[in-house]
Amino acid sequence: MSSKTAIPTVTPLQQVISSCSGALLTSVLTTPFDVVKIRLQAQQSPVVKPCYIMDCRTALDGVCICTIPELNAQIHHIDHTNIRVPRFSGTMDAFFKLAQQEGIRSWWNGLSPTLLMAIPATVIYYTVYDQLKMTFGFVPG
C-alpha cells in the first residue's frame, strides 16, 4: 500500500519573499568582502609609463617618467606626492584596519546600491523560473 502525500505548492508571493530574503542575506554577507577587495585594489601603486612630452603634468595615466635625457634636466616639477603607499598588507589586515580606523559599518559601504541591483534581479529571476517550470509541467519529487 503506497500512500502518496500531496506536495505543497509554493505561491508566487512565497517565491518573491524567499528570493528577496536570499538576495538580502547574500548581499549583506558578501559586501564586506567586496569593500576589502576594492580597497586592496585601490591601494595599488600607479603604473609608471614613459612619456615623450615636455610637460609631464599633461600625462593622464600614471606617473610620467621622461626617457629623453635632454628633457630630464628641464623636467623637475614631477609631483610624487600622489603615489599611494599601501595601507594594507592583506585581506585580514584590511578587515582589521578598516574596522579600527573607519568603524565596522565601513564594511558595508555600498550596500544600498548592491541591494537595489540584487533584490529585483533575484526576485524576477527565481519567481519567473519557478512559474515557468510549473507552467510547462514540471512535477517536483
Side-chain angles (χ1 to χ4, degrees), residues 2-141:
S2 68
S3 65
K4 289 194 171 192
T5 57
I7 298 174
T9 58
V10 180
T11 66
L13 179 62
Q14 290 172 327
Q15 292 170 343
V16 167
I17 291 170
S18 64
S19 59
C20 181
S21 60
L24 178 68
L25 183 63
T26 301
S27 297
V28 167
L29 293 177
T30 60
T31 298
F33 293 102
D34 285 337
V35 169
V36 167
K37 176 193 72 157
I38 290 168
R39 296 291 180 96
L40 287 169
Q41 289 173 336
Q43 76 177 2
Q44 298 289 328
S45 60
V47 177
V48 177
K49 294 186 175 185
C51 60
Y52 300 97
I53 54 177
M54 289 292 282
D55 187 357
C56 287
R57 287 178 290 185
T58 60
L60 297 177
D61 53 346
V63 177
C64 179
I65 305 296
C66 291
T67 57
I68 302 172
E70 297 83 31
L71 295 179
N72 282 335
Q74 298 174 16
I75 299 173
H76 56 277
H77 61 273
I78 299 175
D79 184 16
H80 293 284
T81 58
N82 290 334
I83 298 175
R84 298 179 188 176
V85 177
R87 293 185 350 173
F88 310 118
S89 61
T91 304
M92 292 309 293
D93 184 51
F95 271 114
F96 290 128
K97 284 185 179 175
L98 279 173
Q100 190 177 48
Q101 295 170 2
E102 300 177 27
I104 295 286
R105 292 186 65 185
S106 69
W107 288 357
W108 287 276
N109 284 343
L111 179 63
S112 54
T114 302
L115 292 174
L116 287 173
M117 177 186 66
I119 289 177
T122 306
V123 166
I124 291 168
Y125 177 82
Y126 284 108
T127 305
V128 169
Y129 175 74
D130 282 342
Q131 291 301 311
L132 286 174
K133 276 185 6 182
M134 287 192 292
T135 301
F136 289 115
F138 175 78
V139 179

For this session: To the nearest 0.5 Å, tell me how far T31 OG1 sits from W107 CH2.
Result: 13.0 Å

Seminar exercise, completed: side-chain contact (heavy atoms from CB on, under 4.5 Å) filter on L29, not counting sequence neighbours, yields L25

Seminar exercise, completed: In short, R39 meets F88 closest at the heavy-atom pair CB-CE1, 3.9 Å

For this session: Just grab all the side chain to side chain donor-acceptor pair (under 3.5 Å) pairs involving residues 121-139, residues at least two apart or on different chains.
Result: Q15-Q131

Problem set entry | Residues that T91 engages under side-chain contact (heavy atoms from CB on, under 4.5 Å), provided they are two or more places apart | V36, L40, F95

For this session: Without swapping roles, check the side chain of S106 against the backbone of G103 for a donor-acceptor pair under 3.5 Å.
Result: yes

Problem set entry | Those residues that, when tested against T30, pass side-chain contact (heavy atoms from CB on, under 4.5 Å) (two or more places apart) | T26

Exercise. Are any side-chain N or O atoms of Q14 and backbone N or O atoms of T11, one a donor and one an acceptor, separated by less than 3.5 Å?
Worked result: yes

Exercise. Is W108 close to V28 at the side-chain level, that is, under 4.5 Å between some pair of heavy atoms?
Worked result: yes

Please output the side-chain donor-acceptor pairs of residues 110-118 that fall under 3.5 Å, not counting sequence neighbours, one pair per line with the distance.
unit_1: T114; atom_1: OG1; unit_2: G110; atom_2: O; d: 2.9

For this session: Just jot down the salt bridge (charged side-chain N to carboxylate O under 4.0 Å, His left out) partners of K97, sequence neighbours excluded, or say none.
Result: D93

Seminar exercise, completed: d(S27 OG, I119 CD1) to nearest 0.5 Å is 6.5 Å

